[in-house]
2 protein chains.
Amino acid sequence: MSPKVTQAYKELKRQKIMEAGKIVFIRKGYEQTTMKDIIEESGLSKGGVYLYFSSKEEVFSALLEVSDNEYFSFIQRLLEEDGTQWDAITKLSEFIKRKIIEANDELAPAIYEYFFSVKRNNQVPPLLVKRYTRAQNCVKSLLERGVANGEFHPVVSLEEISKFMVSFMDGLSVNMIHLNSEIIGLDSQIDQMLFYLRHALQRSNSDKKNML
Amino acid sequence: MSPKVTQAYKELKRQKIMEAGKIVFIRKGYEQTTMKDIIEESGLSKGGVYLYFSSKEEVFSALLEVSDNEYFSFIQRLLEEDGTQWDAITKLSEFIKRKIIEANDELAPAIYEYFFSVKRNNQVPPLLVKRYTRAQNCVKSLLERGVANGEFHPVVSLEEISKFMVSFMDGLSVNMIHLNSEIIGLDSQIDQMLFYLRHALQRSNSDKKNML
DNA sequence: AATAAAAACGGCACATATGCCGTTTTTATT
DNA sequence: AATAAAAACGGCATATGTGCCGTTTTTATT
């Protein structure tokens, strides 16, 4: 006697359901997606799926965690790289631009929808606070490193600068989801962000980066 | 013989339904609200409400139009005022700040939800393009007036500056809806916006405003 | 006051999502 | 191969929204 499938098998099935969920969430968005959709897309049975996820909220938050980790690990890598912090910021802005362009074919729209959805239940959902501060701190770390190596001489606090950047990037994402890159002028807006940063950070000219 | 109620009566009833809709949309958001909710809140009957609005989408877009008009008329008034354009920008930023603070008790969250909802049906909904360009052009007009009177000497195109402002303000709104003013640092972010504008617009010092 | 037309009412049929739960199938061990 | 436990299945009861449509009420005119 003794049944039970391996833990690895369970994990695999979890991922299968999540993959199905991702496809549906991208196609239909968060609100319009139902467990039925995810069940049908996965090709599994109702009871089977419910054994792993008992609501679309559970499926989605699992997907969200994966999505977030991809995002933050990029910035983490930037922090470990050599080179000037201004280069890192340039790379970050390129990364953001790419992500924003791809946004409509990815989970981004559903993620915003999801946030509005969870907002209805909690007052200020802790997950959102965590996500926000995490994103903001990532950016801030990049800037702090630039201050530490004498590359930046910010005229305002890094806290304010990083928050400003996050606001701008969120706004750009939202507008990109509803409109398109031509209408919002994606490229030039990223340039404006860098223009702002040059003034706010008072960065030394490129020669100084070798001082460190 | 001859029945019919007056046109004014009809309009009044329309408004009654819209008021009920607004209350429910603020309370439950766009997606979660149903016609049933609006019908119950209005105190009218199912058939009666359906005579005026045959879907929540119709109720909402009527409310959206009213909301937009309030918004844009403020900027219109700014454009007609005397004084420097920098003062106008300052007033605008105060207005935005106030609106953002009030956002959670108003239609703002539902409006964003609504946009995600209509996005699922159309590709790029014309309404959204219209709203975006209208908002952006309003801001641009403010800046153009400042260029015309010699107050601003922009180092980049006003198109880019105004789009940047709109992105930032949208991002700030979205973050404010999900978080709160302490976490996002609302005041200092508005200051950062003005900091950006001072550099992008290269505004003359306050004495020069009298040149016009 | 009578009347005819429009407005308002509200029940009902239809459609759709949820998720429980009894049944069947698969699994690892003996 | 037999077995017992877990996993997978899928039907069904429940709940909920929509909006049509026959009936009742209200309205302005005669």
Side-chain angles (χ1 to χ4, degrees), chain A residues 1-25 27-63 110 113-114 116-118 120-121, chain B residues 1-25 27-63 110 113-114 116-118 120-121:
Chain A
M1 62 196 142
S2 208
K4 225 167 201 173
V5 293
T6 62
Q7 198 63 31
Y9 173 84
K10 276 188 176 177
E11 191 53 41
L12 210 76
K13 185 152 186 189
R14 247 185 87 89
Q15 282 182 5
K16 223 174 179 70
I17 296 168
M18 282 168 67
E19 277 168 32
K22 186 172 179 180
I23 290 169
V24 182
F25 283 128
R27 184 169 64 229
K28 299 188 67 177
Y30 182 75
E31 296 278 359
Q32 287 302 309
T33 293
T34 65
M35 277 301 266
K36 196 171 172 253
D37 294 320
I38 298 171
I39 288 158
E40 280 170 4
E41 180 68 36
S42 71
L44 301 173
S45 72
K46 207 173 276 193
V49 171
Y50 268 94
L51 206 62
Y52 291 84
F53 299 96
S54 54
S55 68
K56 68 167 173 176
E57 204 276 337
E58 283 182 23
V59 180
F60 196 84
S61 45
L63 284 167
E113 271 189 87
Y114 171 73
F116 281 102
S117 174
V118 296
R120 295 290 153 198
N121 309 323
Chain B
M1 58 192 147
S2 209
K4 224 169 201 171
V5 292
T6 62
Q7 199 62 31
Y9 174 83
K10 277 187 175 177
E11 192 51 43
L12 209 76
K13 186 154 185 188
R14 247 185 87 89
Q15 283 184 3
K16 224 175 180 68
I17 296 168
M18 284 168 64
E19 276 169 33
K22 186 172 178 180
I23 290 169
V24 182
F25 283 127
R27 184 170 62 227
K28 298 189 68 177
Y30 182 74
E31 297 278 359
Q32 288 301 310
T33 293
T34 64
M35 279 300 268
K36 194 171 172 256
D37 294 321
I38 299 172
I39 287 158
E40 280 170 4
E41 180 67 39
S42 71
L44 301 173
S45 72
K46 206 173 280 193
V49 171
Y50 268 94
L51 208 62
Y52 291 85
F53 299 97
S54 55
S55 69
K56 69 168 171 176
E57 205 276 338
E58 284 182 23
V59 180
F60 195 84
S61 44
L63 284 167
E113 270 189 88
Y114 171 73
F116 281 100
S117 173
V118 296
R120 294 289 153 200
N121 309 322

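Reminder, nothing fancy here: chain letters follow the sequence lines and each chain counts from 1.
Using a 4.5 Å heavy-atom threshold, the side chains of A:I38 and A:F53 count as separate. Side-chain contact between A:E113 and A:F25 is absent, with no heavy-atom pair separated by less than 4.5 Å.
When both distances must be under 3.5 Å, the Watson-Crick or G-U wobble mate of D:dT29 is C:dA2. Pair assignment for C:dA17: D:dT14, on the basis of Watson-Crick or G-U wobble contacts that are both within less than 3.5 Å. Remark: D:dA8 base-pairs with C:dT23; criterion is Watson-Crick or G-U wobble with both hydrogen-bond distances under 3.5 Å.
In this structure, NZ of A:K46 is placed 12 Å from P of C:dC20, rounded to the nearest angstrom. Whole-Å rounding puts the A:Q32 CD to C:dT16 C1' distance at 12 Å. The interatomic distance linking A:Y50 (OH) with D:dG11 (P) rounds to 16 Å, in whole Å. If you take CD of A:E31 and P of D:dG17, they are 14 Å apart, rounded to a whole angstrom. Atom-to-atom, CG of A:L51 to C1' of C:dC20 comes out at 13 Å; the value is rounded to the nearest Å. Here C:dT18 presents its P atom at 15 Å from CZ of A:F53, a figure rounded to the nearest Å. Between A:R14 atom CZ and D:dA7 atom P the separation is 14 Å, expressed in whole Å.
Distances shorter than 4.0 Å separate none of the side-chain N or O atoms of B:Y9 from OP1 or OP2 on C:dA6. For the pair B:K13 and C:dA8, the criterion of a side-chain N or O lying under 4.0 Å from OP1 or OP2 is met. Applying the 4.0 Å criterion to OP1 and OP2 of C:dC9, one finds that B:S45 has a side-chain N or O inside that range.
Taking the nucleotide of DNA chain C with the nearest heavy atom to each of A:K36 and B:G48, the more 5' of the two is matched to B:G48.
Checking C:dA7, D:dA7, C:dT18 against the side-chain heavy atoms of A:Y52 singles out D:dA7 as nearest. When each of C:dA7, D:dA7, D:dT18 is scored by its nearest atom to the side-chain atoms of B:K10, the top-ranked nucleotide is C:dA7.
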| Between B:R27 and B:E41, does a side-chain contact (heavy atoms from CB on, under 4.5 Å) hold up when you go through it step by step? | CA-CA 11 Å; B:R27 184 170 62 227; B:E41 180 67 39; 3.4 Å; yes
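Using cut-offs of 30° and 60° on the angle between ring planes, the pair B:Y114 and B:F60 is tilted.
Remark: B:K10 fails to qualify as a cation-pi partner of B:Y52 under the 6.0 Å distance and 45° angle criteria applied to the six-membered ring.
Residues of residues 37-44 of chain A that place a heavy atom closer than 4.0 Å to DNA chain C do not occur.
Defined by atom type and a distance below 3.5 Å, a donor-acceptor pair is present between the side-chain atoms of B:S54 and B:E58.
Contact annotation for A:S55: no contact, since no heavy-atom pair falls under 4.0 Å across all strands.
Just one of A:K56, A:K28, A:Q32 meets the side-chain hydrogen bond (donor to acceptor under 3.5 Å, both in side chains) condition when paired with A:D37; it is A:K28.
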